[in-house]
Number of protein chains: 2
Amino acid sequence: MDLHLLRLLQNDARTTYRDLAAQVGVAPSTCLDRVTRLRRAGVILGHRLQLDAAKLGRGLQALLSVQVRPHRRELVGPFVERIRALPEARTVFHVTGPDDYLVHVAVADMADLQRLVLDEFTARREVARVETRLIFQQWECGPLLPPGAGTGAGPGGGGHAQS
Amino acid sequence: MDLHLLRLLQNDARTTYRDLAAQVGVAPSTCLDRVTRLRRAGVILGHRLQLDAAKLGRGLQALLSVQVRPHRRELVGPFVERIRALPEARTVFHVTGPDDYLVHVAVADMADLQRLVLDEFTARREVARVETRLIFQQWECGPLLPPGAGTGAGPGGGGHAQS
DNA sequence: CATGAAAATTTGAGAGC
DNA sequence: GCTCTCAAATTTTCATG
């Protein structure tokens, strides 16, 4: 049942417990219990607003591959914190491969992106290389569920999964 | 004021209008008006749950660079839709550069990742190349705000950090 | 996991600046 | 035009079986 709740909440995190209850087939208070448990268990980390970057004057997004050399803790810790503090930064990934970090940024326009790369990345001594990829379009995908959970309600269509 | 509201809501999208009002310094109904307006204007697209992938049995995340050849509409449209439908996919980026797509995936383990790459990517005729980068760690960054918005609360208002 | 009541919030209408 | 006050509808929350 938790999975059912999570799937519904990922479609719209503002769904009321009443609607949740109606769709899952239990009482609203039960939904509250389950969701509270999921929250306390750390499965639900928080609720984030999904904003239109273009409407906020950040119509250009890009992914920056960054090589940090030497790749030592003393350097990469402050580097990540500095990047995270940038208003343009959306997500920072520490990844395997020749490039150490992948930074998703949202900027106003090309001039803004150029300024960001030159002033905040290549200007730093520990940044050995930056590769910029512009984002044409992006798609958020379906709900994140445990492996094997599938999307259906289960065999027979009327069965209730029990936890 | 809208910016102030957006900043607070990005910290926690579940903040009540009452708390919002207290922190911004206006009446709750005014907050409702502004947020409703932002929602109708399309600035606020929706509310998303932030989940712990590891707690859902998807402790391994990766970024896949994918080359789709030939890069024509008849091929890339279905390709994107197919990838979006994968339970493992989280985000798909269409980007500039030698690699056409960057796909953020969350899987159970290395064997699961191998299966995903072999069965869902390289097995497809239009996929010319896949490059896999594992994600050590990732950080979501601060609120997305218009360029130049800074962090100040503006004249007259006392900036309050949340409790 | 359900019931049912109490507390809090959301929501809309109308007044005032 | 924008914000506030006030009251009703709805939702959240909790004690209990």
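Order of the sequence lines sets the chain letters (A, B, ...), proteins ahead of strands, with each chain counted from 1.
- Distance CE (B/Met1) to C1' (D/dC4): 12 Å, rounded to an integer number of Å.
- Between B/Arg18 atom CZ and D/dT12 atom C1' there is a gap of 14 Å when expressed in whole angstrom units.
- Here the C1' atom of nucleotide C/dG12 and the CZ atom of B/Arg37 are 15 Å apart, to the nearest Å.
- Listed nucleotides C/dT11, D/dT11, D/dT12 differ in distance to B/Tyr17; the shortest reach to its side chain belongs to C/dT11.
- Using a 4.0 Å heavy-atom criterion, one finds that B/Asp33 contacts the bases of the nucleic acid, with or without backbone contacts as well.
- No option in B/Arg129, B/Arg69, B/His94 other than B/Arg69 meets the side-chain hydrogen bond (donor to acceptor under 3.5 Å, both in side chains) test with B/Asp100.
- Note on B/Thr16: only backbone sugar-phosphate atoms sit closer than 4.0 angstrom, heavy atoms only; bases stay farther off.
- Ion pairing between a basic and an acidic side chain is recognised when a charged N comes within 4.0 Å of a carboxylate O; A/Glu126 and A/Arg82 show no such pairing.
- Checking C/dG12, D/dC14, D/dT11 against every side-chain atom of B/Ser29, the shortest atom distance belongs to C/dG12.
- Closest approach of B/Cys141 and A/Thr91 over heavy atoms only: SG-N, 3.8 Å.
- Set against D/dT3, C/dA2, C/dT11, the side chain of B/Thr30 has D/dT3 as its closest nucleotide.
- The distance from atom CG of B/Leu9 to atom P of C/dT10 is 10 Å, rounded to the nearest whole Å.
- Of the side-chain N and O atoms in B/Arg14, none sit less than 4.0 angstrom from OP1 or OP2 of D/dT12.
- Rounding to whole angstrom units, CG of residue A/Leu32 and C1' of D/dC14 are separated by 9 Å.
- Summary of the strand contacts: B/Asp19 and A/Val26 both lie near DNA chain C, and taking for each the nucleotide with the nearest heavy atom, the more 5' one is attributed to A/Val26.
- B/Val130 and B/Thr122 make their closest contact through CG2-CG2, 3.9 Å (heavy atoms, listed as atom of the first residue, atom of the second, distance).
- A/Gln10 contributes a side-chain N or O that, together with a main-chain N or O of A/Leu144, makes up a donor-acceptor pair within less than 3.5 Å.
- A straight line from CG of B/Asp2 to C1' of D/dG1 spans 14 Å, rounded to a whole angstrom.
- Taking every side-chain heavy atom of B/Ala27 into account, D/dC4 is the closest of C/dT3, D/dC4, D/dC2.
- For the pair A/Arg39 CZ and D/dT12 C1', the interatomic distance rounds to 12 Å; values are reported in whole Å.
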